[in-house]
Protein chains: 2
Amino acid sequence: MKNTVTIKDVAKKAGVSISTVSRVINDSKPVTDEIKQKVLQVIEETGYVPNPLARSLVTKRSQLIGVVVPEVSDSFVSEILNGIEEIARMYDYDILLSNTYSDKEQEMKSINLLRAKQIEGMVMISWNLEEDHVDFIKKCGIPTTYISKTAREFDVPTVSVNNESATYDMTKHLIEKGHKKIALVMTSPADTALEMERLSGYKRALLESNIEYNESLIRYADVDYAKGYEAATSILEGDIIPDAIFVTGDEAAVGAINAAFDKGYNVPDDISVAGFNDVKIAKVYRPKLTTVHQPLYDMGAVAIRMVIKMIKGEEVEEKKVELPHRIEDRDSVKNR
Amino acid sequence: MKNTVTIKDVAKKAGVSISTVSRVINDSKPVTDEIKQKVLQVIEETGYVPNPLARSLVTKRSQLIGVVVPEVSDSFVSEILNGIEEIARMYDYDILLSNTYSDKEQEMKSINLLRAKQIEGMVMISWNLEEDHVDFIKKCGIPTTYISKTAREFDVPTVSVNNESATYDMTKHLIEKGHKKIALVMTSPADTALEMERLSGYKRALLESNIEYNESLIRYADVDYAKGYEAATSILEGDIIPDAIFVTGDEAAVGAINAAFDKGYNVPDDISVAGFNDVKIAKVYRPKLTTVHQPLYDMGAVAIRMVIKMIKGEEVEEKKVELPHRIEDRDSVKNR
DNA sequence: GTGAAAGCGCTAACAC
DNA sequence: GTGTTAGCGCTTTCAC
């Protein structure tokens with residue numbers, strides 16, 4: 001460590017006590033203006049920067065927030081991360097990042113590691129949050145906001161869009177565009193609250209338009225490209241060929257588009273495909289993906305704000321924050 | 001902070017001095033096995049975790065490494081980040097992340113902020129590294145490895161692929177596939193060492209096959225999709241319509257593919273398009289992108305290893321590390 | 001309004 | 001092999 005100039009050096013050089021210097025840099029107690037200026041000047045001259053380690057040790061505040069993610073290179077994650085990082089920095093917090101590769105044991109390890117590092121709060125992004133995680137985090141007493149497909153099941157602060165109505169909206173959109181046989185590919189396991197919400201939105205839209213619900217048009221896959229490809233292939237090998245496939249994830253939706261192509265169907269001419277999330281690839285892929293836009297950056301921003309609020313001991317009135325979504329109508333869905 | 005159990009508590013409960021506890025947890029000096037077991041047991045019981053803040057304060061080692069990036073949500077960056085994160089964790093280092101959005105002032109700020117946080121080392125990822133950055137970082141005395149398109153110009157540790165030969169290889173590959181009019185879209189400014197290297201590789205391949213170099217087939221763009229689209233459009237509006245466009249970035253290459261489509265050319269039937277980097281979209285886009293594969297994860301891993309080496313005071317023998325690249329032959333380039 | 005002194009949790013001489 | 005002690009750089013009573 002290069003930065004060898006300490007509060008002592010400043011005090012000595014300014015001819016005051018270290019307490020006075022401390023008061024100046026923290027603005028914690030009144031200091032005579034003259035002395036204040038002198039100290040400030042010495043700080044300027046020496047390039048003194050307070051050592052946050054020492055400060056944290058006594059104040060018990062590390063100014064560190066842990067962020068646990070499945071994988072930074074997932075664009076859903078990294079776009080949220082942008083929001084987290086920027087707002088955290090605004091509030092003088094730094095981010096300690098931990099990849100888990102969606103491995104539960106690694107998630108537990110990450111939490112523990114971050115806790116050891118004295119983080120004051122945490123944002124937990126996980127595809128499959130389980131009760132164990134939540135219990136453990138609660139026991140640790142770390143103020144945490146969750147962004148997880150399954151977090152809504154637990155009594156913890158979360159931020160998300162309203163999945164029921166988002167799915168409803170897109171299904172409705174598809175119906176309005178003249179689709180009648182709409183396949184639904186979910187990107188998480190069947191038994192989670194999230195998928196129940198989404199399924200419910202889907203069914204509600206169908207019901208409203210008197211379209212019969214057909215279970216053979218439903219698949220449970222995963223978020224990635226390959227799983228979307230698989231699921232769509234399986235649907236296209238079934239008895240009923242849909243006129244639209246709604247995949248609740250963009251990368252998986254791109255997989256579905258490719259699966260359709262490979263089965264000899266043109267998207268959107270033969271079959272429409274819709275996605276969910278509106279990550280970067282949705283805007284770039286051809287055909288450009290019609291999808292449910294989620295405000296990813298804002299979700300990160302809101303999540304970190306909630307954490308900071310909790311750290312400060314303020315009560316967060318609304319624990320389940322729902323941000324607005326919208327249908328982003330692009331080229332992968334066609335009027336029929 | 002919940003974790004109220006300190007080394008003192010452990011010492012008292014185990015009936016030993018705090019130094020003994022310290023010795024046990026750090027394995028720094030021999031301790032009688034019996035006592036050691038006792039201490040370990042108490043640690044287990046109490047769930048004691050050493051406070052790294054306090055430790056860092058005395059050892060002067062923060063176990064923190066700063067990573068400055070243009071933007072986490074860029075897939076080139078985030079794939080490198082995966083490597084950095086995983087290896088850092090292996091060596092018990094944590095990552096302090098800072099987004100700069102490629103803004104020079106913000107880059108300086110980030111460096112300063114990280115320095116204040118007592119980082120021991122740094123990985124600097126920047127599209128346009130300038131002398132100012134390098135000088136400043138050197139002056140701070142923070143061991144740093146650079147991953148930057150322009151870092152090779154400076155006398156600092158860098159990790160990259162051999163851009164001259166990578167560009168040569170791809171150009172050669174294109175020629176072997178029967179292409180004669182190969183446009184080149186660069187993804188950084190003309191005056192950087194990187195682009196000179198790439199251009200040289202391109203020219204070398206051309207020369208070897210007695211193909212005349214034609215400046216009107218060269219463009220300088222930027223890494224993003226839109227800039228690739230623009231550059232390709234401009235080429236296709238020129239006098240000479242190429243049979244291949246080689247774009248030194250995948251996202252920009254995808255932009256070029258779309259530009260070709262929009263101009264009525266089919267890729268790869270009418271025009272081939274090749275990329276550079278092999279990020280996720282290259283594997284997923286249709287046509288799948290023929291591109292130069294860079295070992296992104298490994299680049300991150302090597303970079304962080306170099307930093308850790310420097311922190312430990314070991315001399316890094318090779319300052320300019322070059323990792324192997326390869327041509328990933330997919331579907332956007334066709335035999336002619 | 002200012003300084004002296006205690007102490008945050010820990011490591012590392014230094015004695016024994 | 002073990003305990004005592006002096007700090008690391010800072011904030012925060014507590015006197016003055």
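Below, chain A is the first sequence line, B the second, and so on; all start at residue 1. All values below were derived from every heavy atom in this structure, side-chain atoms included, with hydrogens, water molecules and symmetry-related copies excluded.
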Among the nucleotides [options], which one has an atom lying closest to any side-chain atom of [X]?
X	options	value
B:P30	C:dT2, C:dC10, D:dG1	D:dG1
A:I7	D:dG1, D:dT11, C:dC10	D:dT11
B:S17	D:dT4, D:dC8, C:dT11	D:dT4
A:T32	D:dC10, C:dG1, D:dT2	C:dG1

Are OP1 or OP2 of [N] and a side-chain N or O of [X] less than 4.0 angstrom apart?
X	N	result
B:N51	C:dC8	no
B:T20	D:dG3	yes
A:S28	D:dT11	no
A:S22	D:dT11	yes
B:K8	C:dC8	yes

Is any side-chain heavy atom of [X] closer than 4.5 Å to a side-chain heavy atom of [Y]?
X	Y	answer
A:T145	A:M310	yes
B:V134	B:Y146	yes
A:P295	A:V161	yes
B:M90	B:E86	no
A:V302	A:Y297	no
B:S102	B:E71	no

- Task: For B:R55 and for A:A54, locate the closest nucleotide of DNA chain C by heavy-atom distance; then report the residue assigned to the nucleotide nearer the 5' terminus.
- Result: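 On the 5' side of the pair lies A:A54.
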
Between [N] atom [atom2] and [X] atom [atom1], what is the distance in whole Å?
X	N	atom1	atom2	result
B:R61	C:dC10	CZ	C1'	13 Å
B:E34	D:dT2	CD	P	9 Å
A:L57	D:dC8	CG	P	14 Å
B:D9	C:dG9	CG	C1'	10 Å
B:Q118	D:dC8	CD	P	14 Å
A:K117	C:dG9	NZ	P	18 Å
A:K60	D:dT12	NZ	C1'	14 Å

Please tabulate, one pair per line, each protein N/O and nucleotide N/O from nucleotides 13-16 of chain C that are separated by under 3.5 Å, including the distance.
{"unit_1": "C:dA13", "atom_1": "N6", "unit_2": "B:R23", "atom_2": "NH2", "d": "3.2"}

Practice problem: Go through the side-chain N and O atoms of B:E85 and B:Y93 and say whether any donor and acceptor fall under 3.5 Å apart. | Solution: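 Note: B:E85 and B:Y93 side chains miss the donor-acceptor criterion.
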
> Is there a donor-acceptor contact under 3.5 Å linking the side chains of B:S160 and B:T158?
Replying inline: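 Checked: B:S160/B:T158 side chains show no N/O donor-acceptor pair below 3.5 Å.
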
Which part of the nucleic acid, if any, lies within contact of A:T59, taking any heavy atom under 4.0 Å across all strands shown: a base, the sugar-phosphate backbone alone, or nothing?
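The answer is sugar-phosphate, as A:T59 gets under 4.0 Å only of primed atoms, P, OP1 or OP2.
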
Have a look at A:I18 and say if it touches a base, only the backbone sugar-phosphate, or nothing, with a 4.0 Å heavy-atom cut-off.
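Base contact.
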
